[in-house]
Amino acid sequence: METVSTNKSFGGTQGVYKHASATTGTEMTFSVFVPDHAEGAKLPVLWYLSGLTCTHANVTEKGEFRRACAEAGIIFIAPDTSPRGPDLQGNDVPDDAEGAYDFGLGAGFYVNATQAPFSAHYKMRDYIEKELPELVAQHFPVDMERQGISGHSMGGHGALTISLRNPGRFRSTSAFSPIVSPINCPWGHKALGGYLGADQAAWAEYDACALIDGGARLPDLLVDQGEGDNFLTEQLKTHLLREACDRAGQPATIRLQPGYDHSYYFISTFMADHIAWHAERLKG
């Protein structure tokens, strides 16, 4: 692991790091904020998965999480959203044929792709669920018994599905403006069709509503969604998550926030609320 940069912030350290990933076959970059802490202490960790077009840098620079994490004593980790090229052999990583923003680079959808040419590198599910946590545990003072996960938009989809597929791993799960049912929106059809193929039976494990309908459960769930979000009606469809939770008896606080859009102006407004909510559930 190579240190790209470190900066002092709110008494802690904001770092950016990169490493050669065996999972994606590329170099991967991620950011970690570690609050000030007693020597030898292990701190709870909050994973944050970003949305379409983003890298680790979007939330790191605009998320306004450091004060709240410093006060709560929570490590905050932000990975990238896809593999990027060149790969470790010097070849370009496949991208959308037309360079669209909603597929390919910056749009890994936190799946393990099965369709060529994407299956060689687009293994973001394994990267987030396996490789990166192992690396983080080796290099940072994390208490892996106290993990929470959150994310925005495509990253909200990732946070929900990863937590639902790994019962007991995360004490807390939240999301900002998540894609709640890729099976039922254009973004999802393009991404899951391109990465996984036409058989929608293979898509269900990457759809939060389908996972809840199939019996997956969380201890609790917090979702914030801006009512002024121009993606709400066609892509995000928050009402489907509310309906799935109601059918299943899944505890959930799903809040529609009047006037807020899909941007980091919205996310940064409610970030401290989410961190406090996670902190309550990540206590020792």
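When atom types are taken as modelled, the side chain of Q250 and the backbone of L218 share a donor-acceptor pair closer than 3.5 angstrom. Within the 3.5 Å criterion, the main-chain N or O of K18 finds no donor-acceptor partner in the side chain of E27. Under the 3.5 Å distance criterion, the side-chain polar atoms of K130 are left unmatched by any main-chain donor or acceptor of P133. Although no hydrogens or angles enter the test, the distance criterion places no donor-acceptor pair under 3.5 Å between the side chain of Y260 and the main chain of I267. Without hydrogens or angle criteria, D95 side chain to L105 main chain gives a donor-acceptor distance under 3.5 Å.
Salt-bridge check for E129 with R165: passed, with a basic side-chain N closer than 4.0 Å to an acidic carboxylate O. Ionic pairing of R66 and E71 is not present here: no N-O contact between side-chain nitrogen and carboxylate oxygen is shorter than 4.0 angstrom. A salt bridge is absent between K123 and D126: the closest approach of a Lys/Arg side-chain nitrogen to an acidic carboxylate oxygen does not fall below 4.0 angstrom. Salt bridge status for R67 with E64: absent, with no side-chain N to carboxylate O gap under 4.0 Å. The pair R242-D246 fails the salt-bridge criterion, with no side-chain N (NZ, NE, NH1 or NH2) lying under 4.0 Å from an Asp/Glu carboxylate O.
Taking every heavy atom of both residues into account, L282 and G148 meet most closely at CD2-N, 3.8 Å. Looking at every heavy atom in both residues, H278 comes nearest to S150 through NE2-CB, 4.0 Å. Taking both residues in full, the closest heavy atoms of L164 and A216 are given as O-CB, 3.7 Å, listed atom of the first, atom of the second, then distance. Residues P178 and L160 approach most closely at CB-CD1, 3.9 Å, considering heavy atoms. S50 approaches T55 most closely through the heavy-atom pair OG-O, 3.8 Å. Taking both residues in full, the closest heavy atoms of N166 and I162 are given as ND2-O, 2.7 Å, listed atom of the first, atom of the second, then distance.
With sequence neighbours left out, D220 forms a salt bridge (charged side-chain N to carboxylate O under 4.0 Å, His left out) with R281. Remark: Y264 engages Y48 in a side-chain hydrogen bond (donor to acceptor under 3.5 Å, both in side chains) (not counting sequence neighbours).
The side-chain heavy atoms of Q200 and H189, taken from C-beta on, include a pair separated by under 4.5 Å. Residues L49 and P79 form a side-chain contact, since some pair of their non-hydrogen atoms from C-beta on lies under 4.5 Å apart. A heavy-atom distance below 4.5 Å is found between the side chains of V34 and P141. Counting heavy atoms from C-beta on, the side chains of M28 and H19 come closer than 4.5 Å. The side-chain heavy atoms of V223 and R255, taken from C-beta on, include no pair separated by under 4.5 Å. Side-chain contact check for K190 versus D96: some heavy-atom pair is nearer than 4.5 Å. Looking at heavy atoms from C-beta onward, I74 lies out of side-chain contact with V45 at the 4.5 angstrom threshold. Using a 4.5 Å heavy-atom cutoff, the side chains of L43 and V142 are not in contact.
Hydrophobic clustering of Ile, Leu, Val, Met, Phe, Trp and Tyr side chains at less than 4.5 Å, counting indirect connections, unites M144 with I75. The cluster map of Ile, Leu, Val, Met, Phe, Trp and Tyr, joined by side-chain heavy atoms under 4.5 Å apart, puts M124 and Y206 in the same cluster. There is a path of hydrophobic side-chain contacts, each under 4.5 Å, that joins Y127 to F170. Both Y195 and M154 are assigned to one and the same hydrophobic cluster, defined by single-linkage of ILVMFWY side chains at heavy-atom distances under 4.5 Å.
Taking the six-membered ring for Trp and the full ring otherwise, H157 and W187 have centroids separated by 6.0 Å or more. Taking the six-membered ring for Trp, F118 and F103 have ring centres closer than 6.0 Å. Here Y122 and F109 keep their ring centres 6.0 angstrom or further from each other.
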- Task: Would you check, one step at a time, whether the test side-chain contact (heavy atoms from CB on, under 4.5 Å) holds for E280 with R171?
- Result: CA-CA 10 Å; E280 184 65 27; R171 291 193 186 182; over 6 Å; no
Practice problem: Before giving the answer on side-chain contact (heavy atoms from CB on, under 4.5 Å), spell out for I179 and Q235 the whole-Å C-alpha distance, their side-chain angles and the decisive distance to 0.1 Å. | Solution: CA-CA 7 Å; I179 303 170; Q235 303 284 10; 5.7 Å; no
Exercise for review: Step by step, work out the side-chain contact (heavy atoms from CB on, under 4.5 Å) result for V111 and L192.
Suggested key: CA-CA 8 Å; V111 307; L192 299 187; 3.9 Å; yes
What do the steps show when you test N7 against S9 for side chain to side chain donor-acceptor pair (under 3.5 Å), and what is the final call? CA-CA 6 Å; N7 295 93; S9 183; over 6 Å; no
Practice prompt. Evaluate side-chain contact (heavy atoms from CB on, under 4.5 Å) for D207 paired with T161, printing each intermediate quantity in order.
Written response: CA-CA 6 Å; D207 185 295; T161 56; 5.7 Å; no
Requested in this report: Show the numbers, then the answer: is there a side chain to side chain donor-acceptor pair (under 3.5 Å) between T6 and Q14?
Outcome: CA-CA 6 Å; T6 58; Q14 176 64 66; over 6 Å; no
query = Given the rule in the ring pair (Phe, Tyr, Trp, His ring centres under 6.0 Å) test, do F231 and H262 qualify, once you have shown the distances and angles that lead to the verdict?
reply = CA-CA 8 Å; F231 298 117; H262 199 68; 5.0 Å; yes
Evaluate R125 against E205 for salt bridge (Lys or Arg N to Asp or Glu O under 4.0 Å), listing each step before the verdict. CA-CA 11 Å; R125 172 180 176 173; E205 62 185 324; 2.8 Å; yes
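The one candidate from F140, F33, F65 that meets the ring pair (Phe, Tyr, Trp, His ring centres under 6.0 Å) condition with F76 is F65. The only option from N91, D87, T26 that meets the side chain to side chain donor-acceptor pair (under 3.5 Å) definition with H121 turns out to be D87.
Using the six-membered ring where Trp is involved, F266 and F176 have ring planes that are perpendicular, over 60° apart on the 30 and 60° scheme. Between F30 and Y17, the ring-plane angle classifies as tilted under the 30° and 60° cut-offs.
Atoms SG and CD, on C185 and E234 in that order, are 8.5 Å from each other to the nearest 0.5 Å. The distance from the CD1 atom of I77 to the OG atom of S31 is 8.5 Å, given to the nearest 0.5 Å. Rounded to the nearest 0.5 Å, atoms SG (C209) and CG (N184) are 7.5 Å apart. The distance from the NE2 atom of H152 to the CG atom of N58 is 10.0 Å, given to the nearest 0.5 Å. Distance CZ/R217 to SG/C245: 8.5 Å, rounded to 0.5 Å. We find the CG-CG distance between D229 and L256 to be 10.5 Å, quoted to the nearest 0.5 Å.
In this structure, Y265 places its OH atom where only 12 or fewer heavy-atom neighbours from other residues, nucleotides or ligands lie under 6.0 Å away. With a 6.0 Å radius and a threshold of 12 heavy atoms from other residues, nucleotides or ligands, E98 has its CD atom at or below the threshold. Within a 6.0 Å sphere centred on CD of E145, other residues, nucleotides and ligands contribute 12 heavy atoms or fewer.
A side chain to side chain donor-acceptor pair (under 3.5 Å) check over residues 38-47, counting only residues at least two apart or in different chains, returns the pairs W47-Q147.
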